[in-house]
Amino acid sequence: MNAKDQIDILSAGVAEILPAEGLKKKILEAEKRKRPLIVKLGVDPTAPDLHLGHAVPLRKLRQFQDLGHKAVLIIGDFTARVGDPSGRSVTRPALTTDQVKANAKTYTDQAFKILDDDPGKLEIKYNSAWLASLDFAKLLELTSRFTVAGLLVRDDFMKRYKSEQMIGLHEFLYPVMQAYDSVEIEADIELGGTDQKFNLLAGRQLQEKYELEPQVALTLPLLEGTDGAKKMSKSYDNHIGLTFEAADMFGKVMSIPDEAAGQGRFSMITKYYQLALGSLPDEVASLGAKLESGELHPRDAKSQLAWQIVATYLGEKSAEDAKADFEARFKVKGKDAALQIADKMKLSKDPRKPDGTAFLPHVLKEAGLVSSSSEGRRVIEQGGLRVDGELEGNLEARLGNEFLIEIGKRKKKIITLPS
RNA sequence: GGGGGAGUGCCCGAGUGGCCAAUGGGAGCGGGCUGUAAACCCGUCGGCUUAGCCUACGUAGGUUCAAAUCCUGCCUCCCCCA
């Protein structure tokens with residue numbers, strides 16, 4: 001592919017390219033020398049649960065691979081012992097090596113679903129390989145290339161410093177270690193979220209001191225979560241986990257708003273295509289046009305998006321099932337649709353009294369549809385319970401041997417009582 | 001080593017002796033509306049066959065007719081000085 005097209009694809013959806021002309025230069029150079037670019041992505045194996053936000057840089061990395069470049073995934077097993085101070089107002093707790101190991105495995109399992117694992121295009125390295133054996137002399141040599149003032153200009157540190165919160169000395173070393181990773185693998189490009197900008201630039205600096213061609217930093221925007229406002233994060237409860245069950249993942253994608261706050265009518269939909277799915281710029285553009293013209297219904301656009309996302313992580317079969325399930329649950333109404341998707345379950349005890357009636361809150365609790373009988377009572381009082389398709393407003397009711405229970409729109413079960 | 005502060009329901013966070021199962025926000029849940037599990041509106045949100053009762057405000061005791069609120073010990077976390 002020619003250089004211009006490559007640049008178009010690679011710079012799509014990117015927050016910043018530093019320096020601005022850097023990507024172009026690197027690509028032209030690679031073309032001239034007929035060698036692939038080395039594209040680095042550093043991974044901090046601290047959180048075991050990955051979500052779609054984490055997938056953004058991985059998608060970009062995959063685009064590089066697809067254009068023939070070489071991805072180097074650095075598992076920061078060593079740096080994880082320090083914890084990235086980026087965006088943190090407090091020192092992160094250090095992890096044990098076992099935790100780091102387990103997290104790294106979870107990470108790579110997920111990452112392989114996005115990346116091309118052709119060994120010519122992907123290399124995985126643990127940075128303990130070179131960092132663990134650094135001796136103090138080498139460390140001094142490394143650190144002498146950075147200045148305290150240089151580190152302090154960084155926002156995270158400055159804020160903490162000014163507000164008199166503690167900054168561990170070891171935290172100063174984080175950018176240094178990460179920068180050294182870039183030296184070690186001679187990275188041409190490094191990817192990261194916008195919050196990683198400082199660390200990526202530190203890599204540039206250090207490479208220069210080691211007389212290497214400095215890497216180009218490519219930062220990617222942070223993906224908004226399902227609320228369409230804040231960045232996706234587990235602590236905001238707006239994340240879509242890569243290990244979610246198919247139906248849940250599908251539904252969560254369907255629940256993203258069309259529009260990200262103040263960014264155009266279908267901006268969230270197109271953004272997810274671009275960032276979470278890594279669709280190419282022309283595809284995203286034509287999708288946006290179709291949505292604007294009304295040719296494509298936003299619901300269908302999201303449904304396709306959800307399908308593809310589920311298919312990536314859990315397979316096409318799961319995606320198909322999740323889609324069918326979603327439609328049966330929310331598009332088609334009525335008892336027949338409910339019967340199709342309801343799970344069957346058998347209660348071990350018969351809750352009925354001699355007169356054939358049963359206290360429904362207990363039945364709901366036994367069936368695992370509510371977590372307490374008080375909650376069951378509430379649901380019934382609020383008009384959320386249907387038995388065999390009929391609204392049931394009484395706490396006690398006569399029950400047959402098999403019946404369909406529906407609570408709200410989502411929970412549906414066919415209950416069988418022991419005879 | 002010395003001094004100070006804090007621990008409240010799933011999370012954040014009010015509450016400083018009775019009016020507290022505990023304000024408010026978020027998440028969750030139910031209803032309405034809708035192209036959607038979006039947005040918005042309404043309701044609900046410890047447990048219990050619930051006009052009542054039980055358990056709860058770090059933990060163990062104590063004072064009091066009455067404690068999340070006062071006292072003491074213990075545990076945990078944080079900050080400042082050295």
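A note on names: the letters A, B, ... follow the listed sequences, proteins ahead of strands, and every chain is numbered from 1.
Residues A:L122 and A:D116 have side chains not in contact (no heavy-atom distance under 4.5 Å, counting atoms from C-beta outward). No side-chain heavy atom of A:L142 sits less than 4.5 Å from a side-chain heavy atom of A:V183.
If you take atom P in B:C75 and the same atom in B:C12, they sit 24 Å apart, rounded to whole Å. As rounded to the nearest Å, B:A22 and B:U16 have C1' atoms that lie 14 Å from one another. Comparing B:G24 with B:G35, their C1' atoms sit 34 Å apart, to the nearest whole Å. Across the C1' atoms, B:U59 and B:G25 are found 29 Å apart, a figure rounded to whole Å. Here, B:C54 and B:G4 have their P atoms 41 Å apart, quoted to the whole Å. Atom name C1', nucleotides B:G13 and B:U8: the rounded distance is 9 Å, in whole Å. Rounded to whole Å, the C1' atom of B:G61 lies 31 Å from the corresponding atom of B:C11. The gap from the P atom of B:A67 to that of B:A56 amounts to 13 Å, rounded to the nearest Å.
Within the shown strands, nothing qualifies as a pairing partner of B:A68 under the Watson-Crick or G-U definition with both distances less than 3.5 Å. Remark: B:G43 base-pairs with B:C29. Criterion, Watson-Crick or G-U wobble with two distances under 3.5 Å. B:A6 is paired with B:U76 under the Watson-Crick or G-U wobble criterion, all donor-acceptor distances under 3.5 Å. Across the strands present, B:G1 finds its partner in B:C81; the criterion is a Watson-Crick or G-U wobble pair with both atom distances under 3.5 angstrom.
Sorted by residue number, the members of residues 384-407 of chain A with any non-hydrogen atom under 4.0 Å from RNA chain B read A:G384, A:E396, A:I407.
In this entry the distance linking CG of A:N238 with C1' of B:G26 reads 12 Å, nearest Å. B:G35 atom C1' lies 8 Å from atom CG of A:D300, rounded to whole Å. Distance CG (A:D325) to P (B:U36): 16 Å, rounded to an integer number of Å. Here B:U49 presents its P atom at 12 Å from CG of A:L364, a figure rounded to the nearest Å. Between A:H362 atom NE2 and B:C48 atom C1' the separation is 8 Å, expressed in whole Å. Per the geometry, CZ belonging to A:F266 stands 17 Å off P belonging to B:A39, to the nearest Å. If you measure from atom NE2 of A:H297 to atom C1' of B:A38, you get 13 Å, rounded to the nearest angstrom. The distance between atom CD of A:E375 and atom C1' of B:U50, rounded to the nearest whole Å, is 16 Å.
Within the nucleic acid shown, A:A301 has no heavy atom closer than 4.0 Å to any nucleic acid atom. Within 4.0 Å (heavy atoms only), A:K302 reaches at least one base atom of the nucleic acid. Residue contacts shown for A:K353 include a base, since a base heavy atom lies under 4.0 Å away. At a threshold of 4.0 angstrom between heavy atoms, the contacts of A:S374 include nucleobase atoms, whether or not backbone atoms are also involved. Within the nucleic acid shown, A:G251 comes within 4.0 Å of at least one base atom, counting heavy atoms only.
Candidate nucleotides B:A37, B:U49, B:G43 were compared by shortest atom distance to the side chain of A:S255, and B:A37 ranks first. Out of B:C48, B:C29, B:U44, the shortest distance to the side chain of A:Q382 is found at B:U44. Of the candidate nucleotides B:C29, B:U49, B:G35, B:G35 has the atom nearest to the side chain of A:P298. Here the nucleotide nearest the side chain of A:K409, chosen from B:C48, B:A37, B:U36, is B:A37. Proximity note for A:V379 (side chain, C-beta onward) versus B:G35, B:C29, B:A37: the nearest is B:C29. The side chain of A:F359 has B:U49 as its nearest neighbour among B:U49, B:A38, B:G30. The side chain of A:R378 approaches B:G47 more closely than any other nucleotide in the set B:A37, B:G47, B:U49. Closest to the A:R377 side chain, of the nucleotides B:U36, B:U50, B:C48, is B:U50. Of all nucleotides listed (B:A37, B:U49, B:G47), B:A37 comes nearest to the side chain of A:R410. For A:D258, counting side-chain heavy atoms from C-beta on, the closest listed nucleotide (B:A38, B:G35, B:U49) is B:G35.
Classification of the A:F326-A:F250 ring pair by plane angle, with boundaries at 30° and 60°, yields tilted.
A:S372 has a side-chain polar atom (N or O) that falls below the 4.0 Å cut-off from OP1 or OP2 of B:C48. Under 4.0 angstrom from either OP1 or OP2 of B:U49 there lies at least one side-chain N or O belonging to A:S373. Taking side-chain N and O atoms only, A:K365 has a distance below 4.0 Å to OP1 or OP2 of B:C48.
Nearest heavy atoms, A:K302 versus A:V253: CD-O, 3.9 Å. Residues A:A15 and A:T194 approach most closely at CB-CG2, 3.4 Å, considering heavy atoms. Counting all heavy atoms, side chain and backbone alike, A:G13 lies closest to A:L275 at O-CD2, 3.6 Å.
When the nearest nucleotides of RNA chain B are assigned to A:A358 and A:A247 by heavy-atom distance, the more 5′-ward of the two goes with A:A247. A residue-by-residue look at A:S371 and A:F250 shows that A:F250 has its nearest nucleotide of RNA chain B further toward the 5' end.
Between the side chains of A:E316 and A:W307, no donor-acceptor pair is found at a separation under 3.5 Å. Between the side chains of A:K40 and A:S182, at least one donor N or O sits under 3.5 Å from an acceptor N or O. Neither side chain, A:K271 nor A:Q274, offers a donor N or O lying under 3.5 Å from an acceptor on the other.
At least one test fails for A:R145 against the ring of A:Y180: distance under 6.0 Å to the centre or angle within 45° of the axis.
Between the side chain of A:Q215 and the main chain of A:L200, a donor-acceptor pair closer than 3.5 Å is present.
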